[in-house]
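Sequence lines set the chain letters: A, B, ... in the order given, protein chains first and strands last, and positions in each chain run from 1.
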Protein chains: 2
Amino acid sequence: MSFVKCNMTRGEVLVESFSQAKPLGGRAIIDWYMTGHVSPRVHPLSEENPFIVAPGFLAGSSAPSAGRLSIGGKSPLTGGIKEANVGGTAAYKLGRLGIQAIAVEGKAADWQILSINSGGATLVPAGDIIGLDNYEACEKLRRRFGEKIGILVIGVAGERLYANSTVAATDLEGRPCRHAARGGVGAIMGAKRLKAIVIDDLGTSLRKAVDPEAFKAAEKNMIDAMKSIGPYGEVLQANGTAFFIDVDNARGSLQTHNYRLGSFDKVMNINAARLNELNRLRGGATGHSCSPGCVVRCSNIFNDADGNYLTASFEYETLTFLGANLGIDDVDAIARMDRRCDGIGIDTIETGAAIGILNDAGLYDFGDAPMAEQLIDEIALDTLMGRILGNGTEVTAKVFGIARVPTVKRQAIAAHSGRSMKGWGVTYATSPQGADHTAGPVGAGDFLNPHGQVAVSRNSQIINTAMDATGLCHFTFAYRFPQVLAPLINAFLGTRLTEEDIFEMGREMLRQERAFNLKAGIGPGEDGLPEWMGKEPLPPTNAVFDVPQEEIDDFFNF
Amino acid sequence: MSFVKCNMTRGEVLVESFSQAKPLGGRAIIDWYMTGHVSPRVHPLSEENPFIVAPGFLAGSSAPSAGRLSIGGKSPLTGGIKEANVGGTAAYKLGRLGIQAIAVEGKAADWQILSINSGGATLVPAGDIIGLDNYEACEKLRRRFGEKIGILVIGVAGERLYANSTVAATDLEGRPCRHAARGGVGAIMGAKRLKAIVIDDLGTSLRKAVDPEAFKAAEKNMIDAMKSIGPYGEVLQANGTAFFIDVDNARGSLQTHNYRLGSFDKVMNINAARLNELNRLRGGATGHSCSPGCVVRCSNIFNDADGNYLTASFEYETLTFLGANLGIDDVDAIARMDRRCDGIGIDTIETGAAIGILNDAGLYDFGDAPMAEQLIDEIALDTLMGRILGNGTEVTAKVFGIARVPTVKRQAIAAHSGRSMKGWGVTYATSPQGADHTAGPVGAGDFLNPHGQVAVSRNSQIINTAMDATGLCHFTFAYRFPQVLAPLINAFLGTRLTEEDIFEMGREMLRQERAFNLKAGIGPGEDGLPEWMGKEPLPPTNAVFDVPQEEIDDFFNF
């Protein structure tokens, strides 16, 4: 495999051979590179902070749903280490091109594009795509670089270095609807003056396993294991991730009205049944794959009332934060906002949480969809309000003097409530990534019981962190049958990992991330939910977050 | 002595008897109360964060220059523990009233005033002073509560919970020109809906020493020691703190042009000589005392061109940050801005540093005094730009995507450059208070040598921290002859402290502050100057901050 090193200041691109004793991919690449090569004290927007792109080490293979891509560096939002995880085609294509990682440093004089194909990697001037909506930019990039390229691109939010800016990744249809959304990774890319990475895998082929027979058997074992844990696959294909709207609403853990409620009285207008009904009428789709080789197919396409494409990958987190959290039940308005956020390149979670803060500031009324749409337009238009919101929930709260801030490590808490789902609360409190929805799912069990949640979250975070190195999607649910992973990896790479080695990989990554954060100034005291969540009951369960802080403080003793 | 405990939610004021085994005053009260009574995780603007006011334990006595007041809580700006130190008459009057501390918690439904006199302490409705300039508010308060009261008051910045908001303290002439300025302590007060504390010491008398003869002798020793270290007193009386403008300019440590230069080519228009010349022409004053019993008399009064009062306590930090750092040499414009900041209740350091950031954002040109004045007006007028600037340098940099941020622990670095004065750099890097100009002066010696500065700064911080418990002004320079302190305190309080006990008090306070910060989430990794200061040379010395990080990380090993 190879490592693409790009110095924007010098306009220099080196493709180096890359091999490691232990398999290193995805999030593990970010952890390893940041630990060994980067001062934790660099400013996230400085030239010294690398913009890192890394597919998992199964990328480009036929392994099921192994097309996740890790994008990171030091986060402009949290101030700590960051891995934002995204689907789309880029990881698969990078894998086929034999590229295990890209690290971009320095700062170009003018906006550039990194063009990668089987002939190598080069920087070329960005030309006339600066300032464009991501959808428009991707159309122009395809006309310029070929219809079948995979694209990673920042929108105006990343160009303007907003702390809430994403890197968009194109899906199988070439739409920039998948986003490495959390932690402001778009601003790291923007600070390099790198507008896009275009990836053309023409002339390459599927990566072959070292032991093809064993790999085939391991793939089958994994598919069998996915089927063995219940009809999750069918449910997700039929409903998309919007399925979780009803689940969370029923158990009182759906972030609603600026995190003030755990259920939304108009949930029937934004849930999976409603999306399915509209898709039948308008010709949208569910059961859509976000990346090559995806067997989960939880994504969707959503059309407007005239049957024209409006948005895709219209997911649970978006429906929660631009819907329930803002009191909005007009699903078309939510879809327009999702499309707009994708075009600007901003995270829908952070955006919905930031607008929610404006309710406390007296500047937004729940349910006012036109106002919410206008506020998102302001982010695009570079007004001062747009700049404030574009820098996320914490900055918005600070500017308007709001004490009730729903963030951990300066990043908005994701959609499963940590008060009614206390294991999730522990994950949000302790993850070195801030309160991410992918850091360590803790779904089942006695979720209102404050005790025992730390162990459950720790186990989940360890295996899910390891999965982020492989490139496997969390919705393979492989964290529930980790025994399939070592045979799959060993057959593919020729390694001799044990199941324990996989867990140790996860532990080591978490340790590295935690150590980086400590040196970056994020003290152990930041491991916790906001104090008000320990006091304000969340209807309808009226739960508060009451996992003892001593138990949380014990999290990293592993 | 007594402790006034005020619960704004219940409208309840209790005056409790207060005695401690060890003398506890000023900053030590804040450290002790925050350590024992407050969760480090509370939001600075929440009801649980106490607003603490504490005179030093020599307050109300005849001790020379012992009228400093400590105001603090958990800082809305730094997120850590905060003591902002201010002169004026409040500490003296509180001492005479036998009040060692005030702690205010909760939140009132409507704005209140805490009225304190020899009859006790009560909350009364604030009435028509909300939204007023501090000067106007103080006039109304004097008409209502008596001409001779001491006043602590927040301006519109504190009312709006700006992270850069001060508590103004009236001087001997009743002007709100002295400010507990750093760390946003005005917003802690504002979050309680407490607009002002008015203090009437009518009917009280000077606090008597336990051993009057020994106290008198100790006072004389202290005065003699002050004279023994050179003509600092005369120099400060003749020139005010503006004296340091020339000193820093000459050694290249005057923060100039958004911290890009260490000397200002137009320094002669903003230095002490210029102020003295104008004072002669216009009838201002130097050698002015800021508090009863002051023997230093470093303050001043500055009149406009018509000879009318414009501002007072027009100090070095203000001349630096609203002058040199913004490239402004129009001293009348700087004085108007100082007056305006005093009226709004914002820190001139943080304000000048925040406007400086706008130069990097292309929104401010150095030397554009009308623009700077307009921007300060915006802070008063509650525009979005005003809200951004009102929340300080770090938020301003975040909103405008600026990586070169001159802050430590989210607070703007004070006026003696830490690059050309490396001992000061260590103080800024390590003080649990953030980069304060009072945390630990490191003036003399080989200030460009990176080595040995940690020990010098540590010694200075320890003794200066202890001084913040006594109420003694730093400009007594008592930190240079600490042997005078124990006899003074012992004679006054009847204690048996040794000189070592005084140092240990300083160490213990620093340990408490550091421990609080760690639990509040401020990790050891925040002990450092911004990384860019290690790379960008500061003309004319072209020094970078190169004190080895290992030495800085060793700071708290005492």
Give the member of A/Leu518, A/Asn49, A/Ile388 that has the highest number of heavy-atom pairs under 4.5 Å with chain B.
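That would be A/Ile388.
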
Among A/Val395, A/Val399, A/Thr383, which has the most heavy-atom pairs under 4.5 Å with chain B?
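Between A/Val395, A/Val399, A/Thr383, the count favours A/Val399.
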
Heavy-atom contact with chain B under 4.5 Å, split by part of [X]:
X: A/Glu47; value: neither
X: A/Val42; value: both
X: A/Leu384; value: both
X: A/Pro76; value: backbone
X: A/Leu77; value: backbone

[X] versus [Y], closest heavy-atom pair with distance:
X: A/Glu526; Y: B/Gly521; value: OE2-O, 3.2 Å
X: A/Gly401; Y: B/Leu161; value: O-CD1, 3.3 Å
X: A/Ser46; Y: B/Ala403; value: N-CB, 4.1 Å

Do A/Arg404 and B/His43 make a side-chain contact, defined as non-hydrogen atoms from C-beta onward lying under 4.5 Å apart?
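Contact flag for A/Arg404/B/His43 side chains = no.
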
Run the numbers on B/Lys535 and A/Glu48 for side-chain contact (heavy atoms from CB on, under 4.5 Å), then give the verdict.
CA-CA 12 Å; B/Lys535 291 169 188 161; A/Glu48 290 80 9; 3.3 Å; yes

Measuring heavy-atom distances to chain A, does B/Gln549 have an atom under 4.5 Å in its side chain, in its backbone, in both, or in neither?
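For B/Gln549, side-chain heavy atoms alone lie under 4.5 Å from chain A.
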
Is the closest basic N to carboxylate O distance between A/Asp527 and B/Lys519 below 4.0 Å?
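So A/Asp527 does not pair with B/Lys519 through a salt bridge.
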
Find the distance between OG1 (A/Thr396) and CZ (B/Arg387) and round it off to the nearest 0.5 Å.
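One gets 12.0 Å once the value is rounded to the nearest 0.5 Å.
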
Hey, is the main chain of A/Gly525 close enough, under 3.5 Å, to the side chain of B/Arg41 for a donor-acceptor pair?
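Checking the backbone N and O of A/Gly525 against the side chain of B/Arg41, a donor-acceptor pair under 3.5 Å is found.
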
Will you find, in the side chains of B/Ser39 and A/Glu531, an N or O donor that is under 3.5 Å from an N or O acceptor?
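Short answer, yes.
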
